[in-house]
Protein chains: 2
Amino acid sequence: MVRSRAEAASPFQTASHDHGSCIEDALDRAAQLCAARGARLTELRRQVLQLVWRGHEAVGAYAVLEALRRSHPGAAPPTVYRALDFLIEHGLIHRIESLNAYVGCSRPERRHVSQFLICGKCGDAAELEDSAISGALLRRAGALGFAVEQQTIELRGLCPRCRPNARAK
Amino acid sequence: MVRSRAEAASPFQTASHDHGSCIEDALDRAAQLCAARGARLTELRRQVLQLVWRGHEAVGAYAVLEALRRSHPGAAPPTVYRALDFLIEHGLIHRIESLNAYVGCSRPERRHVSQFLICGKCGDAAELEDSAISGALLRRAGALGFAVEQQTIELRGLCPRCRPNARAK
DNA sequence: TTATGATATGTTATATCATAACATCGTCAA
DNA sequence: TTGACGATGTTATGATATAACATATCATAA
Ligand SMILES: [Zn+2]
Ligand SMILES: [Zn+2]
Ligand SMILES: [Zn+2]
Ligand SMILES: [Zn+2]
């Protein structure tokens, strides 16, 4: 029932989602990945990652800062932004450009191009990895002579749980 | 040679691009559209639109503000942001989320979902309207039970003119 | 024409997001 | 031990955006 790693069914959160396991899993995977790469997941960075993973909503840097200060009173904006930069570089979180906010990556093991479905009601930011879509964009751009370096794909709308006629699946 | 309206060939700028006609055309079309819709394209809004259209790069609100002050010394941030809001509502400009900046719409006559190809070197922001891509996103999201309200699709990279092996077409 | 309401703009202050610059600390290897 | 490097501390500032309220302008109906 936990579905923490096997996200095959739906990328959205459900009532049965066990977020405790979810976040624990994310932190474990991050530790393993950093160890494997020789990157230092310091306690500060681990705490920031944990705070970004508090939910599946994108969270602003200053919200992270405020929460971080409970365990780390001297924290200042650069404290958080540097940790966020590290986590982004290592693919552990993503930045949501349309929200100026950050969200945990659901598949940090390998670099990928993802698409986000962001619910305007509950804030849930679901990460897709649809290679047909990213591939179509790559081909279309390539045909126009444009060399793609990065894709930002963010859809706003209502997730299944927040739709008016939400017949749960 | 102007290619101001018929963008069929390439959405990118070329050496032969006549931007004088381009911007004049954009302002004319904006006036017509607003008249037809009963919207008031005031002198202030028209000037802001003109400033956004100074080039095909996305331009920040404060850059618009600085330029606007030459003709409108008392302008303040709300002056610009309100005009930008009006222009966005009427589809005359788009906001580029990944740049916190604004760019003129190349086809303001009807609402559309567009994709932007943004050159990291020259800044050119080319607007595509690829219904296959927007449709694929709609279908994929719909299959997951997500009701899409808005699409933000912004690709960063190098445009044909800025690519190292740029063989002009 | 003049009153009236709606829309647009002016004005001041502040909220929100992000980085520059330089100091200090910790770790590890020569 | 010391030097180099990376991480963090610290202060200040830059960049983007909005709240709140005052005033002006415009359209329309009395
Ligand atoms: Zn979870
Ligand atoms: Zn991811
Ligand atoms: Zn032009
Ligand atoms: Zn457009």
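Residue numbers begin at 1 in each chain, while the letters A, B, ... track the order of the sequences.
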Novice: So, Y81(B) and dT18(D): ring centres less than 5.5 Å apart, planes less than 30° off, yes or no?
Specialist: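 A stacking contact does not exist, since Y81(B) is not both close and nearly parallel to the base ring of dT18(D).
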
Novice: Roughly, in whole Å, what's the span from CG in D85(A) to C1' in dC17(C)?
Specialist: 13 Å

Novice: State, yes or no, whether a side-chain contact exists between R156(B) and T152(A) at a heavy-atom distance under 4.5 Å.
Specialist: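 Counting from C-beta outward, R156(B) and T152(A) never come under 4.5 Å.
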
Novice: Is there a side-chain polar atom (N or O) of R95(B) under 4.0 Å from OP1 or OP2 of dA17(D)?
Specialist: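 Answer is yes, contact under 4.0 Å.
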
Novice: Does dT11(D) pair with anything, Watson-Crick or G-U wobble, both distances under 3.5 Å, and if so, with which nucleotide?
Specialist: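 With both distances under 3.5 Å, dT11(D) matches dA20(C).
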
Novice: For P78(B) and A39(A), find the nucleotide of DNA chain D closest to each by heavy atoms; which residue's nucleotide sits nearer the 5' end?
Specialist: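 Counting from the 5' end, the first nearest nucleotide belongs to A39(A).
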
Novice: Starting at CG of L99(A) and ending at P of dA17(D), how long is that distance when rounded to a whole Å?
Specialist: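 My rounded result for the distance is 13 Å.
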
Novice: How many Å lie between CD on E66(A) and C1' on dC17(C), as a whole number?
Specialist: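 Distance check: E66(A) CD to dC17(C) C1' gives 15 Å.
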
Novice: To the side chain of T79(A), which of dG10(C), dT10(D), dA17(D) is closest?
Specialist: dT10(D)

Novice: Hey, which sits more toward the 5' end of DNA chain C by its nearest nucleotide, N100(B) or R45(B)?
Specialist: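 Closer to the 5' end of DNA chain C: R45(B).
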
Novice: Can you find a side chain N or O atom of Y102(A) that sits less than 4.0 Å from OP1 or OP2 on dC17(C)?
Specialist: no

Novice: Counting only distance, no hydrogens or angles, is the base of dG10(C) paired donor-acceptor with the side chain of R82(B) under 3.5 Å?
Specialist: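 It does, because a donor-acceptor pair links the side chain of R82(B) to the base of dG10(C) below 3.5 Å.
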
Novice: For a quick test of reading the model, state the closest non-hydrogen atom pair linking G157(B) to F146(A) and the distance between them.
Specialist: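 Looking at all heavy atoms of both residues, the shortest contact is N-CZ, 3.4 Å.
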
Novice: Return yes when atom CD of E66(B) has more than 12 non-hydrogen atoms of other residues, nucleotides or ligands closer than 6.0 Å, and no otherwise.
Specialist: no

Novice: Grab the CG-C1' distance between L87(A) and dA7(D) for me, whole Å please.
Specialist: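 That distance rounds to 14 Å.
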
Novice: Could you tell me how far apart L65(B) (CG) and dG10(C) (P) are, to the nearest whole angstrom?
Specialist: 12 Å

Novice: When you measure from the side-chain N and O atoms of H72(A) to the phosphate of dT8(D), is any distance below 4.0 Å, counting only OP1 and OP2?
Specialist: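 The answer is no; no side-chain N or O of H72(A) sits under 4.0 Å from OP1 or OP2.
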
Novice: Round to the nearest Å and state the distance from E43(B) atom CD to dC26(D) atom P.
Specialist: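 Computing the E43(B):CD to dC26(D):P distance gives 12 Å.
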
Novice: Starting at CG of L44(A) and ending at P of dG26(C), how long is that distance when rounded to a whole Å?
Specialist: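 Interatomic distance, CG of L44(A) to P of dG26(C): 14 Å.
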
Novice: Among T79(B), I93(B), L87(B), which residue meets the side-chain contact (heavy atoms from CB on, under 4.5 Å) test with V48(B)?
Specialist: L87(B)

Novice: Whole angstrom is fine here: how far is it from CG in L41(A) over to P in dG6(D)?
Specialist: 18 Å

Novice: Give a yes/no answer on whether the side chain of R40(B) brings an N or O atom under 4.0 Å of OP1 or OP2 in dT25(D).
Specialist: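 Result: no.
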
Novice: Does the base of dA15(C) carry an N or O that pairs as donor and acceptor with the side chain of Y62(A) under 3.5 Å?
Specialist: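 When only heavy-atom distances are counted, Y62(A) does not reach the base of dA15(C) through any donor-acceptor pair under 3.5 Å.
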
Novice: Applying a 3.5 Å limit to both distances, which nucleotide forms a Watson-Crick or G-U wobble pair with dA30(D)?
Specialist: dT1(C)

Novice: How far apart are the C-alpha atoms of C34(B) and F86(B), what are their side-chain angles, what is the distance that settles it, and do they pass the side chain to side chain contact (heavy atoms under 4.5 Å, CB included) test?
Specialist: CA-CA 11 Å; C34(B) 287; F86(B) 170 89; 4.1 Å; yes

